[in-house]
Amino acid sequence: MPLETTEYDNGGDLGKYTDSLIASKDSREPDWGTLSFQEKAGPQYRRAQIRYVGSGATGNHDDDQRIIPSGGFTFSNMLLPPGAEGPAHTHHDVEEAFFVLEGQVRVGIHRGPDEAEYRTLGYRDMIVVPAGVTRSLKNEGDTDALFCVIIGTQKPQVPTYPEYSPLYGVTRD
């Protein structure tokens, strides 16, 4: 967890302060539990979040001291095994960006139950989805897909699921 900027401003240990701003790959662990409630709608919704900055919209992870607290955005990686999906959902308060690091991710942009456009993103491809636009994700490949998820606020609202989403009405408990 980063030290307060007063450590920086008041001549504190600059090395210690700098180290507090780093979230290394080796200190990250895939969290398969944070979205496990979605598996109530089917095993294809099993995926892991790997948090770096803030916790996104997946819950309260303030007790995880490895996460750099968010000042104005969240950043995590999402691990989608082959066949895994992120269901159709909407962030009403904030844009969300996906940047593919490994594998391929099919992204859907939805306008109702019968209208959607799909694009497959690969290595170093990115999509930015505005607030209020319904999106979905799927790994149609035969290897894991790993991608960055950036959400443009310190703590986004919990997303909603449209009536046509398999997650509609599924609760987190």
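Keep in mind it's a predicted model, so treat the numbers as computed, not measured.
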Inset, instruction - Indicate the atoms forming the closest heavy-atom contact of Ser70 with Gly72, along with that distance. - result: OG-N, 3.4 Å
Legend entry - Glu163: partners by salt bridge (Lys or Arg N to Asp or Glu O under 4.0 Å), with sequence neighbours left out: none
Legend entry - Shortest non-hydrogen contact from Gly83 toward Gln44: O-CB, 3.8 Å
Inset, instruction - With sequence neighbours left out, write down each residue that passes salt bridge (Lys or Arg N to Asp or Glu O under 4.0 Å) with Arg47, or none if nothing qualifies. - result: none
Inset, instruction - Kindly compute the distance separating CD1 (Ile68) from OG1 (Thr74), expressed to the nearest 0.5 Å. - result: 12.5 Å
Inset, instruction - Go through the structure and list residues passing ring-ring contact (aromatic ring centres under 6.0 Å, His included) with Phe98, not counting sequence neighbours. - result: Phe147
Inset, instruction - Decide yes or no for Asn139 and Pro81: does some side-chain heavy atom of the first lie under 4.5 Å from some side-chain heavy atom of the second? - result: no
Inset, instruction - Please identify each residue that fulfils side-chain contact (heavy atoms from CB on, under 4.5 Å) with Val158, with sequence neighbours left out. - result: Arg172
Inset, instruction - Look only at the side chain of Lys40 and the backbone of Thr171, and say whether a donor-acceptor pair between them is shorter than 3.5 Å. - result: yes
Legend entry - By ring-ring contact (aromatic ring centres under 6.0 Å, His included) - contacts of Tyr161 (at least two apart): none
Inset, instruction - Could you tell me the separation between the CG atom of Leu79 and the CH2 atom of Trp32, rounded to the nearest 0.5 Å? - result: 4.5 Å
Legend entry - Residues in salt bridge (Lys or Arg N to Asp or Glu O under 4.0 Å) contact with Arg124, at least two apart in sequence or another chain: none
Inset, instruction - Indicate, with yes or no, if Leu35 and Leu80 share a hydrophobic cluster defined by side-chain heavy-atom contacts under 4.5 Å among Ile, Leu, Val, Met, Phe, Trp and Tyr. - result: yes
Inset, instruction - Please identify each residue that fulfils side-chain contact (heavy atoms from CB on, under 4.5 Å) with Ala116, with sequence neighbours left out. - result: His110, Tyr118
Inset, instruction - Could you walk me through whether Tyr164 and Asp114 pass the side-chain contact (heavy atoms from CB on, under 4.5 Å) test, one step at a time? - result: CA-CA 9 Å; Tyr164 56 87; Asp114 301 318; over 6 Å; no
Inset, instruction - Could you tell me which residues satisfy salt bridge (Lys or Arg N to Asp or Glu O under 4.0 Å) with Arg135, sequence neighbours excluded, listed by chain and number? - result: Glu96
Inset, instruction - Consider only side-chain heavy atoms of I, L, V, M, F, W and Y, link residues closer than 4.5 Å, and tell whether Met126 and Val94 are in one cluster. - result: no
Legend entry - Validation row: Val129, His91 side chains within 4.5 angstrom (heavy atoms): no
Inset, instruction - Of all the heavy-atom pairs spanning Ala88 and Pro162, show the shortest one and how long it is. - result: O-CD, 3.5 Å
Legend entry - Pair listing, side-chain hydrogen bond (donor to acceptor under 3.5 Å, both in side chains) test, anchored in residues 142-159, at least two apart: Ser55-Lys155
Inset, instruction - Tell me whether Ile150 is reachable from Tyr52 by hopping between hydrophobic residues (I, L, V, M, F, W, Y) whose side-chain heavy atoms are closer than 4.5 Å. - result: yes
Inset, instruction - Any chance you could measure Ser76, atom OG, to Ile50, atom CD1, to the nearest 0.5 Å? - result: 8.5 Å
Legend entry - Arg66 side, atom CZ; Ser24 side, atom OG - distance, nearest 0.5 Å: 9.5 Å
Inset, instruction - Of all the heavy-atom pairs spanning Pro166 and Tyr45, show the shortest one and how long it is. - result: CG-OH, 2.9 Å
Legend entry - Qualifying salt bridge (Lys or Arg N to Asp or Glu O under 4.0 Å) pairs, either residue in residues 100-109, two or more places apart: Arg106-Glu140
Legend entry - Test item: Asp64 and Arg51 side chains (from C-beta on) under 4.5 Å apart, heavy atoms: yes
Legend entry - Student check: side-chain heavy atoms of Ile127 and Ile109 closer than 4.5 Å: yes
Legend entry - Atom pair CG/CZ of Asp125 and Phe99 - distance to nearest 0.5 Å: 8.0 Å
Inset, instruction - Applying side-chain contact (heavy atoms from CB on, under 4.5 Å), name anything that partners Tyr123, two or more places apart in sequence or on another chain. - result: none
Inset, instruction - Carefully, step by step, assess Leu137 and Val107 under the rule side-chain contact (heavy atoms from CB on, under 4.5 Å). - result: CA-CA 5 Å; Leu137 306 161; Val107 179; 3.7 Å; yes
Legend entry - Shared hydrophobic cluster, Phe75 / Met78 (ILVMFWY, side-chain heavy atoms < 4.5 Å): no
Legend entry - Heavy-atom pair with the smallest gap, counting every atom of Val128 and Ala97: CG2-CB, 3.9 Å
Inset, instruction - Determine whether Leu21 and Leu14 fall in the same hydrophobic cluster, where Ile, Leu, Val, Met, Phe, Trp and Tyr are linked whenever their side-chain heavy atoms lie under 4.5 Å apart. - result: yes
Legend entry - side-chain contact (heavy atoms from CB on, under 4.5 Å) partners for Thr160, two or more places apart: Thr90, His92
